Protein chains: 2
Amino acid sequence: MLELAILGLLKEQDLHGYELKKRLTETLGSFSSVSFGSLYPALNRLERAGGVAATEAGDEPAVAVPVPMTGSLDGELAAYRATRRPTRRAGRSRKVYRITPRGDALFAELLAADNAAGDDERLFHLRLAFARFLPPDERVGLLERRRAQLVERLARSRANRKSARDRDAYAQSLAERDTELTERDISWLDRLLAAERTPKGKAKSR
Amino acid sequence: MLELAILGLLKEQDLHGYELKKRLTETLGSFSSVSFGSLYPALNRLERAGGVAATEAGDEPAVAVPVPMTGSLDGELAAYRATRRPTRRAGRSRKVYRITPRGDALFAELLAADNAAGDDERLFHLRLAFARFLPPDERVGLLERRRAQLVERLARSRANRKSARDRDAYAQSLAERDTELTERDISWLDRLLAAERTPKGKAKSR
DNA sequence: GCGCCGATATATCGGAGCGATATATCGGCT
DNA sequence: AGCCGATATATCGCTCCGATATATCGGCGC
């Protein structure tokens with residue numbers, strides 16, 4: 001799972017572990033903030049598998065002007081510090097990771113794999129975040145598979161909600177929330193599917 | 001985490017592993033269906049710690065009429081089979097688990113622990129499911145702590161949503177969903193808090 | 001009656017992810 | 001000079017999961 005995320009980010013830009021972590025927490029959503037205890041082992045796995053190559057960066061930045069990607073806080077802060085003084089980066093030396101052709105192939109494989117079983121929300125969100133690398137028909141497939149899973153889940157959720165009626169108020173509230181969330185997620189997917197089928201050519205790809 | 005769930009269910013009724021798993025998937029919500037690979041090890045941990053005691057059931061049921069808990073499918077099916085024939089249960093012999101006083105204490109400890117750090121959704125849901133075992137003021141505390149976490153998360157989520165504007169449509173949609181879900185969860189908690197503060201004495205406790 | 005399928009049930013294994021912690025190195029503040 | 005805090009990489013122990021193995025019984029076809 002992490003492998004997919006790492007490779008996806010490295011496809012855009014070479015990055016070192018620490019920076020990778022920040023972007024990862026953005027990509028995966030506001031929750032689920034990827035621990036270093038999973039990131040570094042995952043990077044090592046990828047390196048052993050030949051999916052990424054690491055270059056020990058001295059102290060000059062690997063890229064003259066690292067692509068800001070967003071006009072966000074980090075960028076502005078860095079710019080501010082840069083005007084104050086041409087400071088050399090603080091802290092320990094970095095290992096900058098770069099994706100290889102093997103990694104590209106691995107990424108495509110992980111992205112397309114149709115995990116029929118298992119309704120892993122995080123994995124779906126991750127795939128969706130990289131949906132732009134998927135051909136349009138596979139995008140629809142991804143969304144429809146997810147929709148089917150949610151419909152199944154909704155049935156279980158409604159059954160559970162019914163049977164929760166003779167439990168206490170907390171169980172009921174929990175079950176109601178569950179049902180509503182699933183319903184909303186389904187209509188969210190329906191909106192995405194509708195957008196997918198009326199192309200309009202406005203999609204901003206990279 | 002599983003320990004808390006197991007002990008909470010065993011507080012109501014003695015259960016064997018397989019049945020425990022079914023109830024667990026209900027309690028934890030429609031997703032996250034607790035694997036045997038975590039359940040049985042967790043039961044062994046609890047047994048070693050003296051929180052539960054296992055009795056190897058022969059083939060007579062440990063309880064003459066196992067409490068149905070819900071008038072649900074399981075119950076009706078069992079009743080149906082019972083009318084057809086006084087069948088002896090099929091399958092391998094069971095190990096029925098019973099909670100001990102040590103387990104009771106452990107449960108209280110796990111339920112009350114104020115995990116300031118870490119915004120683990122599942123753990124919160126689990127605690128809420130057993131909120132009836134908490135004194136009213138601690139219930140409010142639990143809800144308010146969760147609310148604070150969600151407010152923090154909402155801030156991150158909104159920031160991320162803003163910075164997602166110059167990424168593709170999928171990232172934007174993902175970020176919007178994130179924000180909306182968090183907002184809805186906060187108002188859900190507000191409703192629970194309001195209900196908590198206007199007691200009305202209607203709460204159905206056990 | 002016999003064999004086999006499917007349900008019931010317990011158990012283990014390898015791997016992934018997490019939280020805590022250790023280690024290293026530098027800038028800046030006092 | 002000394003220390004703090006930010007940056008960065010890395011490891012340890014643990015929990016949980018999915019897959020798989022194992023055991024045992026009822027019921028079905030033939």
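What you are looking at is a predicted structure, and each value in this text was computed from that prediction instead of being measured.
- Remark: of the listed residues A:Arg132, A:Arg139, A:Arg127, A:Arg139 is the sole one forming a side chain to side chain donor-acceptor pair (under 3.5 Å) with B:Tyr170.
- Taking the six-membered ring where the residue is Trp, B:His125 and B:Trp188 present perpendicular rings, their angle passing 60° and hence far from 30°.
- Applying the salt bridge (charged side-chain N to carboxylate O under 4.0 Å, His left out) criterion to B:Glu183, with sequence neighbours excluded, gives B:Arg158.
- Regarding A:Glu56, its CD atom lies at a distance of 13 Å from the C1' atom of C:dT25, rounded to whole Å.
- With sequence neighbours left out, A:Arg92 forms a salt bridge (charged side-chain N to carboxylate O under 4.0 Å, His left out) with no residue at all.
- Protein atom CG of A:Leu43 is 12 Å distant from nucleotide atom P of C:dG17, rounded to whole Å.
- Following rounding to the nearest Å, A:Arg122 (CZ) and D:dC17 (C1') show an atom-to-atom distance of 13 Å.
- Among residues two or more places apart in sequence or in another chain, the ring pair (Phe, Tyr, Trp, His ring centres under 6.0 Å) test is passed with A:Phe124 by none.
- Residue B:Lys21 places no side-chain N or O under 4.0 Å from the OP1 or OP2 atom of C:dT8.
- Protein atom NE2 of B:His16 is 10 Å distant from nucleotide atom P of C:dT8, rounded to whole Å.
- Residues passing the salt bridge (charged side-chain N to carboxylate O under 4.0 Å, His left out) test with B:Arg98: none are found, sequence neighbours excluded.
- The separation between B:Tyr18 atom OH and C:dA7 atom C1' is 7 Å, rounded to whole Å.
- Comparing C:dG17, D:dT9, C:dT10 against the side chain of B:Arg94 picks out C:dT10 as the nearest.
- For A:Val34, the side-chain atoms get nearest to C:dC18 when compared with the rest of D:dT11, C:dC18, C:dA9.
- Partners of B:Lys162 under the salt bridge (charged side-chain N to carboxylate O under 4.0 Å, His left out) rule, at least two apart in sequence or in another chain, do not exist in this structure.
- At whole-Å resolution of the value, OH in A:Tyr40 and P in C:dG19 are 16 Å apart.
- Distance A:Leu46 CG to C:dG17 C1': 15 Å, rounded to the nearest Å.
- Here C:dT8 presents its P atom at 16 Å from CG of B:Leu39, a figure rounded to the nearest Å.
- Between the side chain of B:Arg92 and the base of C:dT8, no donor-acceptor pair of N or O atoms lies under 3.5 Å.
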Set out, line by line, the N/O atom pairs under 3.5 Å between protein and nucleotides 13-16 of chain C.
none

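- A donor-acceptor contact under 3.5 angstrom links the side-chain atoms of A:Ser35 to the base of C:dG19.
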